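Right, one structure below, let's go through it.
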Amino acid sequence: MQILLNGERIVTRARDLDELCASLGFAGARIATAVNGNFVAAGRRAKTKLTPADAIEIVAPRQGG
Amino acid sequence: MQILLNGERIVTRARDLDELCASLGFAGARIATAVNGNFVAAGRRAKTKLTPADAIEIVAPRQGG
Amino acid sequence: MQILLNGERIVTRARDLDELCASLGFAGARIATAVNGNFVAAGRRAKTKLTPADAIEIVAPRQGG
Amino acid sequence: MQILLNGERIVTRARDLDELCASLGFAGARIATAVNGNFVAAGRRAKTKLTPADAIEIVAPRQGG
Amino acid sequence: MLTLYDARFASRLLLGTAQYPSPDTLKRAVEAARAEIVTVSVRRESARARTGQGFWQLIEQLGCRVLPNTAGCRTAKEAVSTARMARELFGTPWIKLEVIANDDTLQPDLFSLVEAANILCAEGFEVLPYTTEDLSAAERLVAAGCTVLMPWAAPIGSARGLINKTGLKTLRAYFPGVTLIVDAGIGAPSHAAEVMELGYDAVLLNTAVAKAGDPVTMAQAFARAIEAGRFAFEAGLIEPSDMATPSTPVAGTPFKIDSVS
Amino acid sequence: MLTLYDARFASRLLLGTAQYPSPDTLKRAVEAARAEIVTVSVRRESARARTGQGFWQLIEQLGCRVLPNTAGCRTAKEAVSTARMARELFGTPWIKLEVIANDDTLQPDLFSLVEAANILCAEGFEVLPYTTEDLSAAERLVAAGCTVLMPWAAPIGSARGLINKTGLKTLRAYFPGVTLIVDAGIGAPSHAAEVMELGYDAVLLNTAVAKAGDPVTMAQAFARAIEAGRFAFEAGLIEPSDMATPSTPVAGTPFKIDSVS
Amino acid sequence: MLTLYDARFASRLLLGTAQYPSPDTLKRAVEAARAEIVTVSVRRESARARTGQGFWQLIEQLGCRVLPNTAGCRTAKEAVSTARMARELFGTPWIKLEVIANDDTLQPDLFSLVEAANILCAEGFEVLPYTTEDLSAAERLVAAGCTVLMPWAAPIGSARGLINKTGLKTLRAYFPGVTLIVDAGIGAPSHAAEVMELGYDAVLLNTAVAKAGDPVTMAQAFARAIEAGRFAFEAGLIEPSDMATPSTPVAGTPFKIDSVS
Amino acid sequence: MLTLYDARFASRLLLGTAQYPSPDTLKRAVEAARAEIVTVSVRRESARARTGQGFWQLIEQLGCRVLPNTAGCRTAKEAVSTARMARELFGTPWIKLEVIANDDTLQPDLFSLVEAANILCAEGFEVLPYTTEDLSAAERLVAAGCTVLMPWAAPIGSARGLINKTGLKTLRAYFPGVTLIVDAGIGAPSHAAEVMELGYDAVLLNTAVAKAGDPVTMAQAFARAIEAGRFAFEAGLIEPSDMATPSTPVAGTPFKIDSVS
């Protein structure tokens, strides 16, 4: 299935958001997620099924002013 | 009937806004009117019945910056 | 003899500046002196004769900005 | 004789300032003159003998702010 | 020419009509200013005093186009009703839309302003909103349909001039196609000239003229300053520099010997 | 009327003649400015080029009174000699006395300036000294016999406007009877208006007009700004305030219920 | 003590973490500033680079409380989602709420800001909104539940200092009970001191420290300036005056004869 | 380190001793400021009151080096005699040389100042002249032998801060090797920081501390502001810019779709 991850098209076999994060090596990492512009809490990732063309954001802490 | 005219309580026998304006000598005067915060066009004054405690505004041109 | 001491007329019997200072209780005090607009060093006070109408300044430390 | 005219070395046969001006075609021109830093009025040019190394200024109107 | 919606004007000075020592002074000030537009308000009419009827005659004599305001309104609703009354009263679609956030600063309430502008533009009003230099409000006012914006220079009647010149400059740069009029806070002709030098299209004034020692002369002063600023904008100002540069030519300076060869 | 020694002028704008794109532009700018006085300088004349002879004809066509300067002089002696040459050259007792402290700022050297002013006043010159806002120099220039002082607003050609407005105000207050002309640093008509609003008698300009995109229009802009500032000074400006004050009357504002009795 | 919602801090300097030449410089700058709060952002994490994971370790070493921002958001929706991600990521209810009107000025979009603040406050966030000096926006933000406001001094990164000091003063006067922090536009310690002298509660800085020649020393400079300004506010500044007043006593000045009786 | 002639000091704040509510406040303010130098004056001593004798004891307790002034002098002669008395009285070659042009502005009389400086330098005094930002006076003072100059920021006691920042900047640029101390006109710590950011070597203050609501806290405020400004000068300030620049990185901003390939 093709999705948009952080603005870039990728192909994934993950069925839900949790699997996607794990497949990217983010298990245990300090990240937060959103699907199609809406925040998805860590506890709800496994319940969040992916659909083709979903726009996924996986974010982490960064420098800021 | 007691109404509020330009913020002051008055007693009037006028039944509609047109009569009220006439009774105040404003027939033919350059005025505009509102009832309970809403503008009432000149052509609709006769159709605008007065109800006790109505808040009537009768305004005219004045200096402005 | 009448002199001007710090802008005020006084009468003194002192014949020189050193005597004047002593007569005012300034012996040993932290003061500096001028006669007729010119500085007179401490060591020259005894040699500085007074003349009627001399303008004497006796000054001391004071607050300043 | 070598002189300094307006900051440049020139050789002239003129014996006085008036001759120098004339030799340069300035007869009748709107000019003013100075020799060695001092103004020389028009009427005194003929009386002003030139000496080798004299610094002559011949000036005219110019734009100014 | 100044363009306000589809009308065009030679004068770039809009004059308020309040606070003059006498009606005659107002008249002469308007003439001296060569103003073509004057601002007016809508106020309660007393059956006895009939003040507004007399004032209307004065306005008619001025021969100017009137720009009614909604001065003193504190909510969008009040401003909208006032605007509607003004349209009937003065027979003009123009409205100087003013919604005030508080009495101490008389700052525009940007939120109620945008709300009212949306309603009035939709009703066919030609809205001239009294606003600040804020870009996010400006964007929404333009989106509502305003083709004229009237930012303040400083609080009404304060006479302080351009308290945020940077903000006014930025607004001008962001809205090159919008007619921008500085309204409020101008105290001196030099302020008005400064505004016009920034490329603003016009200036709206009241207190600085009406309360001057001699309002008629002051009206003339502002008229010339505004022309001056406009001419300067059109002519192209020189850039300020940190360094001095001689105006008189340096070449040929007498008594200099450094050119000796 | 502007009074310079015993001469009087309707125009309060003195214009420099340098840096224009062409002689014709200079001419039209002087006309547009309605200037009655122009500044000129004294420079070395080349026998071949005879530049000054041509320039003189141009100046005669302008029909203005000329004010020669001593631009570029670094010592009192140079300035005095230059002034004497200028007097003969232009047939005027007027001299814009300029002695410069250094090339980067073109700041007046106040000490040499006072020295030269003393010599020239004693010789009957009518000295218009280019000075700063410094009061101690002003006192000595007035004591020397100057009845006109020409403080800078900012360094020559910098176009920065009034960098020390407080100082200029104080100078005006201290010398109410002296003709004060701001000379140097003016970049925009708003600066000129501001100077005039302070009660200054005139403005002397060059670069801001000559180097403008369109010098002729800019000359006109400055002329109007200076009139504007003068009118404002005469009419009496309102005082700035920290608070806002409504211009439109508050009494009679529609929809207010606080007056219910 | 600085109060932010129910937390209290000795330091009144909040420091950004971006743009430092190295992580080590950031660390030393935070120490030199004695900052107790640092701002951070939320950015896309690459599976390869895992930049954010490393940055998080750095932040933990700083021992500061973190204030995440919504920098770069252009709509209320984006800002709200970013805030929710930040809350989970950093485990804090604090959010520096930033909704930008355009890229050139990075001015807050006041309308979207208020919209987002209403949503986030309702969700229990402790919102620190990046706003302007606008009073009508401030009123709505406070009504939404913000007890801290963070107006700009000038555009982000511009280093221009207080471009509208009057506006900042008025905001302080209008919201005496709200914690006010100047965020953005501060370029020099003197700017920070000026803000604090106005009675502002704190200053949030980033570029002026991070891009300084020596960020660590500059951090120290700002820390002292902010203390200086706060002390001055508490101690009570003297009022400026137009006139000079001698500091040294006049009485007893030597050589004066006017006291001769 | 601050260098004044051949002495060196850690503190860059020189404090005046006049106008404090009590001697004890003065003492505590000097301590809080960590001042190493205090200014004093020379005044007529009354045989009865002997005020100066008591003041001297207070000064001795402060443990500071004293800098006597010639405050109130109106002529070079008065200033020279006062300086000579001060040298004997305080046992120091230092003199803060002050010759005043008039009582309203307390502006230095540059001409008398230079005259007195020439005499005193020749007599071995170490002259710290109270001057203005004028370059031509500065040149003559340096030529006279002054290695320290003390320009005003604004009139004494006016608390207005840097009324001619451009002039102070230029002075700094022109005399890189001279110790420059701003003396007079500083009203707030932010002013002092601003002066130091320009690269000035020190600040001399009196009224702003002594007449503050709480002089001791204000002394501390100024001390920190001066350190802040010095650190900032040494660390290298960022340049102001007309444009905004994001501090938070733009790359990786969530929800952006423009990077979709």
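All figures in this text were calculated on a predicted structure; none of them were measured in a lab. Below, read A as the first sequence line, B as the second, and so on, with proteins coming before strands; counting in each chain starts at 1.
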- Part of F:T105 within contact of chain H (heavy atom distance under 4.5 Å): both
- Nearest heavy-atom approach of F:Y174 to H:D104 is OH-OD2, 2.5 Å
- Message: Whether the side chain of H:Q107 engages the backbone of F:L135 through a donor-acceptor N/O pair (distance < 3.5 Å, no angle test) should be reported.
- Response: yes
- Would you name the heavy atoms of F:S136 and H:A101 that are closest together and state the gap between them? CB-CB, 4.1 Å
- Task: Tell me, for F:P155 versus chain H, whether the close heavy atoms (under 4.5 Å) come from the side chain, the backbone, both or neither.
- Result: neither
- Item | Euclidean distance, H:D134 CG relative to F:L110 CG, rounded to 0.5 Å | 4.0 Å
- Who wins among H:N102, H:T132, H:L113 for the most heavy-atom pairs under 4.5 Å with chain F? H:N102
- Item | Non-hydrogen atoms of H:S112 and F:R140 that approach each other most closely | OG-NH2, 3.4 Å
- Item | Toward chain F: residues of residues 191-212 of chain H with heavy atoms under 4.5 Å | none
- Task: Measure distances from H:A173 to the heavy atoms of chain F and classify the residue's part below 4.5 Å as side chain, backbone, both or neither.
- Result: neither
- Can you find a heavy atom in the side chain of F:I163 that is under 4.5 Å from one in the side chain of H:K165? no
